[in-house]
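In what follows, a single structure is set out as structure tokens and then discussed.
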Amino acid sequence: MFKMIRKFTFHKPKEIIQPTVWLFLSQACSMLPAVLAYMAIYTLGQAFVPPYTLDLQLLITLAAIGLGYLLLQYAVELVSYYFTYGRAYSDTAKKRVAYIQKLRRQPLGFFSSKESGELISSFANDFSNVEYTLCYWLPYPIGVGGLLVISIVWIGIYDWRMGIAMFGMLPICAAIMFGIARVKEKHSRQVMAAKTHAATQINEYLHGMKDLKAYHRTGDGFHALETAMRKLRDESLKEEAVAGSLSTLCSSLVKFIVPITAAVGLYLLIGGTLSVLDFAGFLVLATKLVEAELMIVTSISALRGMLPSGERLDKVMATDEPTGKEQIETGNSYSFENVSFHYAKGQEIIQGVSFDTPSGLLTALVGPSGSGKSTLLRLMARFWDYQAGHIWMNGKDIREVQTDSLLSNISMVMQNAYLFRGTIRDNLCFGNESITEEQMIKACKQARCHDFISALPEGYDTVIGEGGATLSGGERQRISLARAFLKDVPILLLDEPTASLDADNEAMVQKALDEISKERTVIMIAHRLKTVRSADQILVLQDGKIIEKGTHNQLAGQKGLYARLWGLQSQAGDYTFKQS
Ligand SMILES: Nc1ncnc2c1ncn2[C@@H]1O[C@H](COP(=O)(O)OP(=O)(O)OP(=O)(O)O)[C@@H](O)[C@H]1O
């Protein structure tokens with residue numbers, strides 16, 4: 001149980017103390033009417049048995065307590081409501097933020113090891129389950145359990161025979177419920193897996209819609225989605241059918257407490273060992289205690305059903321974060337020393353690579369498709385961590401450097417630049433209010449996007465769709481380039497920044513890059529070799545190894561891969577490594 005609480009509370013078990021205490025008080029208050037009714041019946045009953053006395057004063061006091069009770073109950077319920085629901089919602093909101101921050105700090109490897117639907121479904125379902133558990137399923141069994149223990153002890157001392165009648169069913173029901181809870185947990189895991197798979201299918205279907213349409217395969221894509229939905233329906237029905245019916249059986253058993261109490265009480269009454277008044281009082285209490293006992297048995301099953309959600313969130317929160325605590329004030333160059341890296345064990349993608357990217361110069365990475373160029377850029381930004389060797393930045397191994405500190409020195413333009421739903425201005429400035437209009441326009445002019453942005457009806461305030469869907473590939477790429485220029489950092493990492501541009505724009509952006517690289521260290525991947533002709537150094541990669549290094553003139557003069565491909569590209573005009 002304690003383990004479970006730790007999981008649901010993200011290892012802050014104290015979170016549930018307050019809600020539990022208030023729920024206990026609220027439940028204790030709700031027992032008061034039964035106790036008052038019992039005392040009133042008892043007091044009234046004294047008038048009909050020797051010595052036939054009626055304590056009117058006590059009856060008036062009980063009535064006054066009853067009235068006061070209504071106010072007390074209201075106040076306690078209100079506070080309890082705040083500490084259970086209010087706290088649970090605000091604690092879960094904090095947990096959601098902590099979860100996102102955790103994801104933010106994770107390397108890319110973390111995401112590619114998961115189904116895309118897992119994180120989506122965690123957000124959609126797991127947090128709601130945790131929220132519900134924190135305000136309901138955890139505090140209730142603990143709070144109500146405490147109340148039951150007090151009742152058992154009290155009734156047991158008063159009349160152990162009635163104690164057995166009223167609570168004897170409880171261990172049997174709890175044992176059945178534990179069994180049901182295990183079944184429920186098993187089915188909850190299957191439902192969770194089905195929900196994850198369904199979310200992945202929806203995500204893939206929507207994201208891949210363009211390609212599905214292009215290949216006229218929307219029907220096939222839909223079929224996979226439909227199958228996932230059917231599986232989710234079947235698993236959910238199974239969970240309800242198995243756990244639901246057994247839970248109902250158990251709840252019905254608990255409800256037997258009242259007739260059992262009545263039968264045992266009657267038996268004792270006839271035997272003359274229980275007074276009529278005590279019999280009536282026990283019956284009133286039994287009806288009240290049934291509610292509490294029902295709550296306990298239901299909670300046990302519900303809690304186990306929620307456990308997979310708590311575990312899944314806890315697992316993400318417990319994931320190791322990238323190492324490194326050191327800060328880098330201004331990092332402006334990289335030095336690779338015997339770096340090796342693999343995504344999957346046994347498949348070395350980068351093999352013992354060593355090179356420097358001198359500060360303030362343009363380094364170009366070229367090579368056949370799949371040779372590891374983008375991987376090298378990802379290693380520089382610590383999207384992944386290498387397994388052997390060192391990448392030094394200003395004398396520090398970047399694995400020892402805090403990721404945020406490292407990234408504050410880098411601007412990156414990827415192959416498929418992503419733009420967010422919002423205005424072009426928002427996408428360019430990324431919330432940095434210190435960027436002036438002049439700086440923004442200058443960056444856009446350098447990236448050759450100012451003219452097309454100005455021609456839009458709303459100019460820089462034009463709203464673009466999610467992912468930049470309302471722009472062409474080239475426009476997106478130029479905006480992301482301008483965004484990179486605007487982030488005033490010493491290092492620019494560019495993965496084919498001119499790939500989606502036409503020849504004119506490519507030449508112009510190339511010029512801008514030449515200018516920019518005078519002030520910054522630029523590391524750029526290019527397939528079209530003419531775009532890196534003026535680079536200060538060109539590194540030629542093949543099968544994860546650097547096989548040639550030098551300027552264009554040096555490499556073109558050798559009889560290596562670069563010279564061969566330069567020859568081919570010159571002949572073919574636009575021939576690229578990708579097609580080689
Ligand atoms: N996330 C990943 N998980 C596993 N393997 C990967 C991953 N990303 C890339 N790879 C593999 O690593 C190798 C190098 O990929 P990389 O993207 O670095 O090549 P590249 O030279 O940039 O290719 P291109 O020029 O086509 O963009 C490829 O064989 C690729 O399949």
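Both ligands and their constituent atoms are indexed starting at 1 by order of listing. Heavy-atom basis, side chains included; hydrogens, waters and symmetry copies ignored. Given the structure is predicted, the values throughout are model-derived calculations rather than measurements. Residue numbers run from 1 in the order of the sequence given.
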Query - Atom pair CD (Gln190) and CD (Glu239), whose distance is rounded to the nearest 0.5 Å - result: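 Output value for this atom pair is 9.5 Å.
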
Check: residues 119-126 side-chain donor-acceptor pairs under 3.5 Å, at least two apart:
residue, atom, partner, partner atom, Å
Ser121, OG, Arg312, NH2, 2.8
Ser122, OG, Glu118, O, 3.4
Ser122, OG, Asp126, OD2, 2.8
Ser122, OG, Arg312, NE, 3.4
Asn125, ND2, Ser121, O, 3.4
Asp126, OD1, Ser309, OG, 2.9
Asp126, OD1, Arg312, NH2, 3.4
Asp126, OD2, Arg312, NE, 2.7
Asp126, OD2, Arg312, NH2, 3.1

Query - Element-labelled atoms of ligand 1 that are located less than 4.0 Å from some non-hydrogen atom of Arg378 - result: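 The list of qualifying atoms is 8 (N), 9 (C), 17 (O).
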
Query raised in the report: At a 4.0 Å threshold, what atoms of ligand 1 neighbour a non-hydrogen atom of Gly372?
Result: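 Under 4.0 Å from Gly372, ligand 1 has these atoms: 14 (C), 18 (O), 19 (O), 20 (P), 21 (O).
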
Close approach, [X] and ligand 1, non-hydrogen under 4.0 angstrom:
X: Gln347; answer: no
X: Ala344; answer: no
X: Gly370; answer: yes

Requested in this report: Please confirm whether Ile349 comes within less than 3.5 Å of ligand 1 when only nitrogen or oxygen atoms on both sides are compared.
Outcome: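 Checking ligand 1 against Ile349, no N or O pair falls under 3.5 Å apart.
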
Query - Backbone or side-chain N or O of Glu496 under 3.5 Å from ligand 1 N or O - result: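 The answer is no, given that Glu496 and ligand 1 share no N or O pair closer than 3.5 Å.
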
Side chain, backbone, both or neither: which part of [X] has a heavy atom under 4.0 Å from ligand 1?
X: His527; answer: side chain
X: Trp384; answer: side chain
X: Thr375; answer: both

Query - Working for salt bridge (Lys or Arg N to Asp or Glu O under 4.0 Å), residues Glu235 and Arg230 - result: CA-CA 9 Å; Glu235 291 299 345; Arg230 269 205 216 106; over 6 Å; no

Query raised in the report: Which is it for His390 and Phe336 under the ring-ring contact (aromatic ring centres under 6.0 Å, His included) test, yes or no, and what are the steps along the way?
Result: CA-CA 6 Å; His390 300 278; Phe336 276 61; over 10 Å; no

Requested in this report: Begin with the C-alpha distance, continue with both residues' side-chain angles, and end with the deciding distance and a verdict on ring-ring contact (aromatic ring centres under 6.0 Å, His included) for Trp384 and Tyr343.
Outcome: CA-CA 9 Å; Trp384 300 79; Tyr343 291 106; 4.8 Å; yes

Query raised in the report: Using the benzene-type ring in the case of Trp, are the ring centres of Phe127 and Tyr99 under 6.0 Å apart?
Result: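 Yes, ring centres under 6.0 Å apart.
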
Requested in this report: Consider only side-chain N and O atoms of Asp356 and Ser335, and report whether a donor and an acceptor are under 3.5 Å apart.
Outcome: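 Distance-only check passes for Asp356 and Ser335.
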
